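Treat the numbers as computed from the prediction; the structure is a model and nothing was measured. Each chain gets a letter, A, B and so on, in the order its sequence line appears, and its residues count up from 1.
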There are 2 protein chains.
Amino acid sequence: MANKRVTLADVAAEAGVAVSTASLVLSGRGAAVRISTSSQQRVRDAAQRLGYRPNAVSVGLRKGHTSTLGFISDSVASSRLAGEMIKGAIEAARDRGFMVFVGETGGNTTLERQLLDAMFDRQVDGVILASMLTHGRDLPAELTRTPAVLLNIATEGDPALPVVLPAEHQAGRDAATTLVEAGHRDIHLIGAGPGPDDVRTISSAARQRLAGILEVLGENGLAPASGRDINQWLPPEGYRAASALLEKGVPGALLCFNDRLAMGAYQAVQERGLSIPGDVSVVSFDDASIAAWLHPGLTTFALPHRAMGKKAADLVVDVIEHDRRGTDQPAPGSGVHLIPMPKRDRDSVRHLNS
Amino acid sequence: MANKRVTLADVAAEAGVAVSTASLVLSGRGAAVRISTSSQQRVRDAAQRLGYRPNAVSVGLRKGHTSTLGFISDSVASSRLAGEMIKGAIEAARDRGFMVFVGETGGNTTLERQLLDAMFDRQVDGVILASMLTHGRDLPAELTRTPAVLLNIATEGDPALPVVLPAEHQAGRDAATTLVEAGHRDIHLIGAGPGPDDVRTISSAARQRLAGILEVLGENGLAPASGRDINQWLPPEGYRAASALLEKGVPGALLCFNDRLAMGAYQAVQERGLSIPGDVSVVSFDDASIAAWLHPGLTTFALPHRAMGKKAADLVVDVIEHDRRGTDQPAPGSGVHLIPMPKRDRDSVRHLNS
DNA sequence: CTGTTAGCGCATTCAC
DNA sequence: GTGAATGCGCTAACAG
């Protein structure tokens with residue numbers, strides 16, 4: 001099985017030089033220290049021939065850093081979107097030469113501490129702390145010992161750490177704008193509202209989406225035709241809310257707080273023989289995979305999870321490299337980074353004025 | 001920032017003993033080497049007081065192993081199910097004291113090699129190679145250098161490595177049995193069939209599910225009423241296939257090869273004003289999240305991704321620990337491990353005989 | 001220009 | 001019972 005790895009010493013022996021020479025050459029500083037071209041070539045050839053690869057563990061011990069990141073999340077499996085976030089982070093990390101440990105806490109704080117410890121034991125150079133449900137939380141104290149960034153986690157007050165969040169407020173504005181510009185006046189909210197404080201979930205997305213929506217509505221002299229504050233944003237709840245609305249007549253437009261609510265609303269509308277978007281328009285948030293599969297395709301504002309993961313990884317690496325450089329300039333990137341939520345324009349909105 | 005970690009030397013100094021003594025004590029062999037109880041206590045106290053944690057990188061260099069696994073997949077983000085697989089693996093690994101590097105190749109073989117190299121450089125003790133779409137493939141040669149297991153990857157012939165797969169064939173049998181026992185005779189296949197070789201996707205799941213289905217049908221003197229071989233198992237295809245069927249009359253039962261096809265079939269059936277399961281019964285595979293959200297709930301056989309991930313991690317660790325023990329008994333666990341696909345019994349099947 | 005030396009943090013012989 | 005010395009594979013001072 002383990003046919004021993006070839007070491008720097010092997011290469012040096014093969015090339016007939018000292019290990020330090022081999023080290024210099026292979027780290028690219030051969031020319032700078034003016035090692036003879038012939039020696040350099042011999043070392044390179046030997047390394048090539050033997051298939052030498054530096055032992056990262058040894059390098060890590062020696063240099064004190066490991067080109068390794070930790071990614072800790074409360075859940076990795078909740079949805080495709082969670083996967084996208086991890087994927088974005090892993091890919092960006094790899095592009096910068098980092099591997100990443102992934103851990104999942106299930107929301108358990110003890111476990112979180114243990115995972116952080118296990119990662120620090122392995123000398124990770126930085127940590128991404130992520131949540132799949134944006135909300136505020138206390139942060140473990142260890143996070144100050146190492147570069148860290150918060151991914152999809154809201155903090156109260158001014159965060160010392162970089163924070164990456166979706167631009168929920170702007171998405172709320174964009175969603176309302178979409179409906180208003182299509183000529184809709186009676187817009188029913190499903191998931192939160194109608195008042196700015198009618199928000200039941202701990203998800204801070206709800207509050208911000210709502211604020212954005214109300215802002216635009218207000219700017220156009222409108223208010224929500226109705227609002228339904230819901231704790232669990234799942235299809236059955238969307239179904240019930242839409243059904244209740246339909247009993248009282250045909251609502252012009254439904255602004256659902258996520259795609260699963262929208263899916264439930266679709267079911268209610270279509271079971272009554274009504275048409276989307278002919279009779280009722282629907283706009284939503286998230287761009288979960290069902291959004292594209294629904295009939296007709298659901299117009300929605302995508303949670304940019306992939307881009308968020310990438311941004312988070314880029315930020316930690318920025319901080320790491322900054323620290324390593326050891327300048328006394330301020331650490332880069334702290335503060336909140338809002339990632340835009342792009343519109344997925346499909347077929348669930350009717351344009352009244354065209 | 002980096003307020004230095006406390007090392008074994010710090011502990012030894014604090015306790016007033018030599019590092020080797022401290023090492024012995026903390027590795028639990030203090031009693032065996034008969035170190036004085038007082039020294040032992042002092043060392044333990046010091047370690048406690050200073051918050052000592054062994055540097056895993058150093059231990060890795062010294063002992064040659066790192067309590068670290070690599071998980072390489074062609075995609076981590078394709079669905080919630082992919083996440084479940086990773087989650088199962090990560091959790092099982094953690095329970096055994098291992099952290100895991102996660103990498104994603106997107107199907108790119110070069111990238112796969114690079115990731116494997118990066119992991120081997122970091123001295124991973126074992127590797128899980130996973131795919132989100134079961135099918136055969138060539139394996140990178142490096143895999144023989146380290147304990148490895150294949151997760152959701154089929155191999156031709158007798159694999160030298162442990163392989164973890166869903167019990168697709170049995171699930172095919174179970175799905176057909178469900179329909180037959182409910183009294184259905186005209187069973188239409190959507191996704192593959194009607195002949196045993198009418199399989200267009202590279203997914204080996206299709207072939208095995210089909211084989212299981214045909215077996216049970218045959219045992220009951222039946223054959224598929226029709227079959228529709230489809231390359232892309234997505235809702236639009238299911239919609240089209242079911243629509244075509246409905247033009248010729250009302251099929252009694254639809255056996256869909258996955259939930260997304262079933263979702264499309266639902267749309268076709270319900271748009272025609274027909275009822276599930278009143279007019280047509282539907283059974284499917286995967287248990288994607290939509291299966292529970294559809295109206296009525298879709299009876300389906302769940303891909304046990306979580307359990308598969310767990311099994312894979314347990315297997316690598318078994319092999320690692322076996323190798324480490326150095327006995328000359330055969331390596332454990334090689335061969336194929338089939339994980340059962342449990343039935344999610346919901347409301348899409350009508351029982352004709354009750 | 002190149003080789004020798006020391007040490008990153010730890011575990012393990014081997015003397016005392 | 002305990003401590004000093006050695007080396008895992010590598011890099012960085014320092015000599016030569």
Side-chain angles (χ1 to χ4, degrees), chain A residues 2 4-44 46-47 50-68 120-123 125 324 326, chain B residues 2 4-44 46-47 50-68 120-125 324:
Chain A
K4 250 188 8 261
R5 266 182 87 99
V6 351
T7 73
L8 228 208
D10 297 333
V11 175
E14 174 88 3
V17 299
V19 283
S20 58
T21 309
S23 174
L24 278 262
V25 172
L26 294 177
S27 63
R29 299 186 308 150
V33 202
R34 288 189 301 188
I35 288 177
S36 70
T37 332
S38 70
S39 288
Q40 294 206 41
Q41 206 42 254
R42 288 211 312 285
V43 170
R44 266 186 251 284
L50 268 37
Y52 169 74
R53 310 204 97 231
N55 180 330
V57 173
S58 178
V59 175
L61 181 58
R62 183 63 239 249
K63 310 230 286 202
H65 55 253
T66 51
S67 292
T68 289
F120 287 140
D121 289 351
R122 287 170 177 75
Q123 306 284 98
D125 297 330
R324 197 166 299 166
Chain B
K4 252 187 10 257
R5 265 183 88 99
V6 352
T7 72
L8 227 207
D10 296 333
V11 175
E14 174 88 3
V17 300
V19 282
S20 55
T21 309
S23 174
L24 273 287
V25 172
L26 294 176
S27 62
R29 297 186 310 149
V33 201
R34 288 189 300 188
I35 288 177
S36 69
T37 331
S38 70
S39 290
Q40 293 206 40
Q41 206 43 252
R42 287 210 314 286
V43 170
R44 266 187 253 282
L50 267 36
Y52 169 73
R53 310 204 97 233
N55 180 329
V57 174
S58 179
V59 175
L61 181 58
R62 180 67 240 251
K63 309 229 288 199
H65 56 253
T66 52
S67 293
T68 289
F120 287 140
D121 289 350
R122 287 171 178 76
Q123 306 285 98
V124 295
D125 296 330
R324 197 167 299 167

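No contact: B/Val57 has no heavy atom under 4.0 Å from any strand. Using a 4.0 Å heavy-atom criterion, one finds that A/Ser39 contacts the sugar-phosphate atoms exclusively. Heavy atoms of A/Leu24 sit nowhere under 4.0 angstrom from any nucleic acid atom. Among the atoms of the strands shown, none is found under 4.0 Å from any heavy atom of B/Val19. Residue A/Ser20 is in base contact, counting any heavy-atom pair closer than 4.0 Å across all strands shown.
Comparing C/dT2, C/dT12, C/dC1 against the side chain of A/Arg34 picks out C/dC1 as the nearest. Looking at the side chain of A/Ile35, the nearest of the listed nucleotides D/dG3, C/dT2, D/dT11 is C/dT2. Counting only heavy atoms from C-beta on, A/Thr7 has its side chain closest to D/dC10 among C/dG3, D/dC10, C/dA11. Looking at the side chain of A/Pro54, the nearest of the listed nucleotides C/dT12, D/dC10, C/dG3 is D/dC10. Closest contact between the side chain of A/Arg29 and the listed nucleotides C/dA11, D/dT2, D/dA12 involves D/dA12.
Between B/Arg5 and C/dC8, a side-chain N or O to OP1/OP2 separation shorter than 4.0 Å is absent.
Atom pair B/Asn55:CG and D/dC8:P shows a separation of 18 Å (rounding to whole Å applied). A/Leu61 has its CG atom 13 Å from the C1' atom of C/dA11, to the nearest Å. Taking atom CZ of A/Arg324 as the reference point, atom P of D/dT11 lies 14 Å away to the nearest angstrom. Taking atom CZ of A/Arg42 as the reference point, atom C1' of C/dC1 lies 13 Å away to the nearest angstrom. Whole-Å rounding puts the B/Gln123 CD to D/dC8 C1' distance at 10 Å. In this structure, the CG atom of A/Asp10 is 13 Å from the C1' atom of D/dC8, given to the nearest Å. Between the CZ atom of A/Arg62 and the C1' atom of D/dT11 there is a distance of 5 Å, rounded to whole Å. One interatomic measurement links the two molecules: CZ of A/Arg122 to P of C/dC10, which rounds to 14 Å at whole-angstrom precision.
Nearest-nucleotide mapping onto DNA chain D: of B/Ser58 and B/Thr21, the residue sitting toward the 5' end is B/Thr21. Along DNA chain C, the nucleotide nearest B/Arg53 and the nucleotide nearest A/Val33 are compared for position; the residue whose nucleotide lies closer to the 5' end is A/Val33.
Using a cut-off of 4.0 Å between Lys/Arg side-chain N and Asp/Glu carboxylate O, A/Asp125 and A/Lys63 are scored as not salt-bridged.
Within the 4.5 Å cutoff, the side chain of A/Glu14 has no heavy atoms near those of the A/Arg42 side chain. At a threshold of 4.5 Å between non-hydrogen side-chain atoms, the residues B/Asn55 and A/Asp121 do not count as touching. B/Arg122 places none of its side-chain heavy atoms less than 4.5 Å from the side chain of A/Thr66. Looking at heavy atoms from C-beta onward, A/Leu8 lies in side-chain contact with A/Tyr52 at the 4.5 angstrom threshold. The closest side-chain heavy-atom distance from A/Phe120 to B/Arg53 is not below 4.5 Å.
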